[in-house]
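Each chain gets a letter, A, B and so on, in the order its sequence line appears, and its residues count up from 1.
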Amino acid sequence: MARHLITSAIPYINGIKHLGNLVGSQLPADLFARYLRGRGHEVMFICATDEHGTPAELAAQKAGQPIAEFCAEMHAVQADIARRFGLSFDHFGRSSSERNRVLTQHFAGRLADNGYIAEVSEKQVYSVDDGRFLPDRYIEGTCPNCGYDKARGDQCENCTKQLDPTDLIEPRSAISGSTNLEVRETKHLYLRQSALKDQISDWIDSKTDWPILTTSIARKWLNDGEGLQDRGITRDLSWGVPVRRGDQPWPGMEGKVFYVWFDAPIEYIAATAEWADAQGLDDSAWRRWWRLDQGAGDVTYTQFMGKDNVPFHTLSFPATIIGSGEPWKMVDYIKSFNYLTYDGGQFSTSQGRGVFMDQALEILPADYWRWWLLSHAPESGDSEFTWDNFQQSVNKDLADVLGNFISRITKFCRSKFGEVVPEGGEYGPQEHELIEAMAARIRAYEDCMARMEVRKAAAELRAIWVLGNEYLQAAAPWSTFKTDPERAAMQVRLGLNLIRLYAVLSAPFIPFSSDAMLAAMRTGQRDWPGDVAGALAVLPAGHAFTVPEVLFAKISDESREEWQARFQGVRG
RNA sequence: GGGCCUGUAGCUCAAUGGUCAGAGCAGGGCGCUCAUAACGCCUUGGUUGGGGGUUCGAGUCCCUCCGGGCCUACCA
C-alpha cells in the first residue's frame with residue numbers, strides 16, 4: 001500500500017466551469033484518485049477554489065455583491081456541482097482561507113529571508129474613476145499597428161501584435177470605459193526566479209518520464225530569451241492575501257496583496273490543512289503529506305492540470321518551495337492536458353459557448369459526461385466535442401456494450417431461474433478462456449492507469465466489457481438451458497458475477513453506475529480483483545439480486561438535435 | 001517573428017527505427033434471439049499531408065514546403 005497525494009488545478013471562482021475545464025484537471029485527477037483508492041492505496045485528493053485576483057473582484061462587482069460573499073456563494077455552487085459530478089475530493093478548499101493566508105505569508109517571509117525577494121518600483125496604469133490599478137489586459141484602446149479599436153493593453157487581438165498599455169491610442173478602462181487614466185509609480189515584490197533557475201532546470205531535467213507537453217513548456221520558459229525571469233508576486237488589490245513577511249508587517253507594502261498565482265498553488269498545502277481542521281485532526285495529520293521531515297518521504301505526489309497552468313506548476317511554485325529552504329514535498333509527476341474544443345471552436349466562459357458543468361448535469365447523468373470526456377481526453381493534442389460523436393460514443397459504449405450486457409444476463413436469469421444466482425454446473429474450457437482473457441485485459445488496464453494514459457485505459461475497460469458479450473454469445477445459455485440446465489446455471493452465475501466485477505473495475509470512470517450495479521447485485525464487495533477466478537465467484541449460488549432498471553438510456557436523435565441547438569449560442 | 005505540439009482508414013485514435021501500419025465507430029455480409037432493433041463472427045477501406053535525404057530497413061530520424069492548434073511571462 002502506497003501513499004498518493006493528488007491535486008487538481010484549482011478552478012477559478014468567477015463562474016461555473018465548462019467541460020473543457022473539467023476534463024483538463026479535475027476529472028482525470030478524480031479518475032486517478034478513485035483508481036488508487038480502489039487498489040487499496042492511501043490517497044489524499046485535494047482541490048479548492050482559486051478566489052483572488054482582478055476577475056473575481058469584477059465578477060463580484062457585476063453581481064452586485066461584496067467580494068467575500070460572492071466567493072463564498074460561488075464556492076458553495078462549485079462544490080455542489082463537483083459533488084454531483086462525483087469528484088471525490090478529500091477536501092475542496094478555498095484559497096481565501098485563513099490557512100492559506102498564513103502559509104502564503106510564511107513562504108513569502110522565508111523567501112525574503114533567503115534573499116529570493118526583490119522590491120521593484122514600477123509604473124502602472126491607474127484608473128482614477130475605477131479607483132484601481134489596471135492589469136494590462138484591462139486597458140483598451142486603438143491599436144497603433146492596425147487601427148483596431150478594441151485592442152487590449154497586452155496584445156491586439158486583431159493583428160496579434162504585442163503591446164504595452166502606453167502604446168494604445170486613446171486608452172480607456174475596459175471595466176468602466178473611463179479615459180481618466182494616469183501612470184503611477186508603485187512598488188512590488190518580485191520572486192527572484194532567475195536566481196533559482198539552475199536548480200529548477202536540473203529538477204526538470206531529472207523528470208524524464210513526464211509528458212512532453214509538460215517539460216517542453218517548462219524548458220521553453222527556462223531557456224527562452226534571457227532565461228527564466230523574475231516574477232512580480234504582489235498586486236495593488238484589496239482582495240487577496242495581505243502582504244506580510246511571515247507574521248511581521250512588510251514596510252512599504254501596506255495595502256497590497258499577493259498575486260493570485262503566488263498563493264493559489266500554496267493552497268494545495270493549505271487545503272490539506274483545512275482538511276485536517278475539518279476532520280478535527282492536528283497539524284501532524286496534514287504535515288505527513290507535505291513535509292519530508294514529518295512523514296511525507298514515502299508520498300507520491302501527482303498534479304493534474306491544463307497546459308495553460310504548466311508554467312506556474314513547473315517553475316513558479318517549485319521556485320517558491322525550493323526558495324523557502326524548507327523540506328516541503330515537491331511534485332513527482334505532472335499530468336497535463338491540451339484543450340477540449342467545442343464543435344469546431346473554443347469553449348468560452350466569457351461568451352458562454354459550449355456546455356457548462358451545471359447544464360451538463362441538467363440534461364444527462366454525470367457518468368455519461370465522465371465516460372465521454374475521459375475516453376476522449378485531450379492527451380496528445382486538442383480534442384473536439386461534437387454532439388454527434390458524444391451521442392454515438394455514449395450510446396454504443398455505455399448503453400449497448402455495458403448496459404445491454406447487464407440487461408441480457410439479469411433478465412435471462414430472472415426468466416429461467418428467478419432473481420437468484422443459480423446453482424449447479426462446473427466451468428468448462430470456455431470459462432477458463434474467459435478468465436485468462438479477462439486477467440490479461442485487467443493487467444493492461446492497470447498498466448494504463450498507472451501511467452495515467454486515460455484514453456487507453458478507457459479503451460481497455462471497454463474491451464473488458466466486450467469480453468462479457470463475447471462470452472455470452474459463445475456460451476449461449478439460452479441454448480444450453482434446453483439440453484443442460486445445470487450448465488446454463490453455471491454460465492448465468494458467471495455472467496452475474498461479471499456484473500459485479502465490472503462495477504469494481506468501472507468505478508473510477510463511472511462511479512454512480514458502478515454503485516447502481518453493485519446495488520442491483522446486492523453486494524458491497526468491491527475489492528480490486530487480484531485473482532480473477534476468485535473475483536468471479538464472489539456472488540455465490542443462492543445470492544439474491546435485483547434486475548436493474550435500464551442503466552443507460554440512449555440519447556435520441558431528437559435530444560441530440562435539441563441540445564445542439566440550445567448550446568450553440570450564448571448561455572442563458 | 002520565435003518556440004512547442006500536431007497531420008495515419010469516412011470519423012476518433014494506436015503503433016521501443018524492424019513481420020503484411022493496427023483498434024473502436026461508421027459501411028457491407030453472415031449468425032444469434034437472452035437483451036436497451038441490442039450482441040457475436042467475417043469483411044471493405046490507408047501512396048501514414050507533399051517533396052527530398054539518412055539507413056540493410058522510415059509512420060517513426062534529418063531538411064524543406066503545406067495545413068491545424070497552443071504558448072510567448074501584468075487574465076487566471
In terms of side-chain heavy atoms, does Thr480(A) have a donor or acceptor partner in Gln491(A) at a distance below 3.5 Å?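 Result is yes, a qualifying pair exists.
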
Looking at the side chain of [X], which of [options] is the nearest nucleotide?
X: Gln392(A); options: A76(B), C39(B), A26(B); value: A26(B)
X: Ser383(A); options: C13(B), A76(B), U72(B); value: C13(B)
X: Asp400(A); options: A38(B), G40(B), G69(B); value: A38(B)
X: Arg231(A); options: C74(B), A35(B), C75(B); value: C74(B)
X: Ser479(A); options: C74(B), C34(B), U33(B); value: U33(B)
X: Arg235(A); options: C74(B), G69(B), U36(B); value: C74(B)
X: Lys220(A); options: C41(B), C34(B), G2(B); value: G2(B)

Please give, in whole Å, the distance from [N] [atom2] to [X] [atom1]?
X: Asp308(A); N: A73(B); atom1: CG; atom2: C1'; answer: 14 Å
X: Trp371(A); N: G24(B); atom1: CH2; atom2: P; answer: 14 Å
X: Arg451(A); N: U16(B); atom1: CZ; atom2: P; answer: 11 Å
X: Asp382(A); N: U6(B); atom1: CG; atom2: P; answer: 12 Å
X: Phe337(A); N: C71(B); atom1: CZ; atom2: P; answer: 17 Å
X: Asp136(A); N: A73(B); atom1: CG; atom2: P; answer: 10 Å
X: Lys307(A); N: C71(B); atom1: NZ; atom2: P; answer: 7 Å
X: Leu472(A); N: U36(B); atom1: CG; atom2: P; answer: 14 Å

Under 4.0 Å between any heavy atoms, over every strand shown, what does [X] touch: base, sugar-phosphate, or nothing? Just pick one.
X: Gly227(A); answer: base
X: Val466(A); answer: sugar-phosphate
X: Gly232(A); answer: nothing
X: Phe552(A); answer: base
X: Leu551(A); answer: base

Can you check the distance between [N] and [M], where both ends of the measurement are the [atom1] atom (answer in whole Å)?
N: C65(B); M: G24(B); atom1: P; answer: 39 Å
N: C13(B); M: G17(B); atom1: P; answer: 22 Å
N: C25(B); M: C4(B); atom1: P; answer: 38 Å
N: G45(B); M: A21(B); atom1: C1'; answer: 13 Å
N: G22(B); M: C63(B); atom1: C1'; answer: 29 Å
N: U60(B); M: G52(B); atom1: P; answer: 14 Å
N: U33(B); M: G40(B); atom1: P; answer: 16 Å
N: U12(B); M: A73(B); atom1: C1'; answer: 35 Å

N/O (side chain, [X]) to phosphate O (OP1/OP2, [N]) under 4.0 Å:
X: Lys396(A); N: C39(B); value: yes
X: Tyr259(A); N: A76(B); value: yes
X: Lys554(A); N: A38(B); value: yes
X: Tyr339(A); N: U6(B); value: no
X: Ser375(A); N: G24(B); value: no
X: Arg408(A); N: C34(B); value: no

Take Glu379(A) and Lys456(A), measure what salt bridge (Lys or Arg N to Asp or Glu O under 4.0 Å) needs, and give me the verdict at the end. CA-CA 10 Å; Glu379(A) 289 177 300; Lys456(A) 284 186 186 173; over 6 Å; no

Evaluate whether the aromatic ring of Trp478(A) and the six-membered ring of the C34(B) base sit under 5.5 Å apart, centre to centre, with an inclination under 30°.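 The base of C34(B) is stacked with Trp478(A) (centres under 5.5 Å, planes under 30°).
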
Closest-nucleotide ordering on RNA chain B, the 5'-leading residue of Lys411(A) and Leu134(A):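 The residue whose closest nucleotide sits nearer the 5' end is Lys411(A).
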
Let me spell it out: for each of Gln346(A) and Ser216(A), pick the nucleotide of RNA chain B with the closest heavy atom. Which residue's pick is nearer the 5' end?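 Result: Ser216(A).
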
Donor-acceptor pair under 3.5 Å, [X] side chain vs [N] base:
X: Asn404(A); N: A35(B); value: yes
X: Trp221(A); N: A73(B); value: no
X: Glu122(A); N: C74(B); value: yes
X: Gln124(A); N: C74(B); value: yes

Derivation of the salt bridge (Lys or Arg N to Asp or Glu O under 4.0 Å) call for Lys307(A) and Asp382(A): CA-CA 10 Å; Lys307(A) 58 185 168 188; Asp382(A) 291 351; 3.2 Å; yes

Going by purine N1 to pyrimidine N3 plus the second Watson-Crick contact, or the G-U wobble pair, all under 3.5 Å, which nucleotide sits opposite [N]?
N: C34(B); value: none
N: C41(B); value: G29(B)
N: G1(B); value: U72(B)
N: A23(B); value: U12(B)

So which heavy atom on Thr314(A) is nearest to which on Ile200(A), and how close?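 Looking at all heavy atoms of both residues, the closest pair is O-CG2, 3.6 Å.
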
Of all heavy-atom pairs between Ile175(A) and Arg132(A), which one has the smallest distance, and what is that distance?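 For Ile175(A) versus Arg132(A), the nearest heavy atoms are CD1-CD, 3.9 Å.
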
Close side-chain approach of Leu402(A) and Asp397(A), heavy atoms under 4.5 Å: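 The answer is no; the side chains never approach within 4.5 Å.
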
Any heavy-atom pair between the side chains of Pro265(A) and Trp261(A) that's under 4.5 Å?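 Yes, their side chains come closer than 4.5 Å.
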
Keeping the roles fixed (side chain from Asn21(A), backbone from Lys17(A)), state whether a donor-acceptor pair exists under 3.5 Å.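 Flag not set: sc Asn21(A) to bb Lys17(A) has no pair under 3.5 Å.
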
Check against ring-ring contact (aromatic ring centres under 6.0 Å, His included), Phe481(A) and Phe417(A): CA-CA 10 Å; Phe481(A) 183 77; Phe417(A) 303 100; 5.5 Å; yes

May I ask you to decide if the ring planes of [X] and [Y] are parallel, tilted or perpendicular, using 30° and 60° as cut-offs?
X: His376(A); Y: Trp372(A); answer: parallel
X: Trp369(A); Y: Trp387(A); answer: perpendicular
X: Tyr268(A); Y: Phe317(A); answer: perpendicular

Under 4.0 Å from any atom of RNA chain B, heavy atoms only: list the residues of residues 453-464 of chain A that qualify, in numerical order.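 Heavy-atom contacts with RNA chain B come from Arg455(A), Lys456(A), Arg462(A).
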
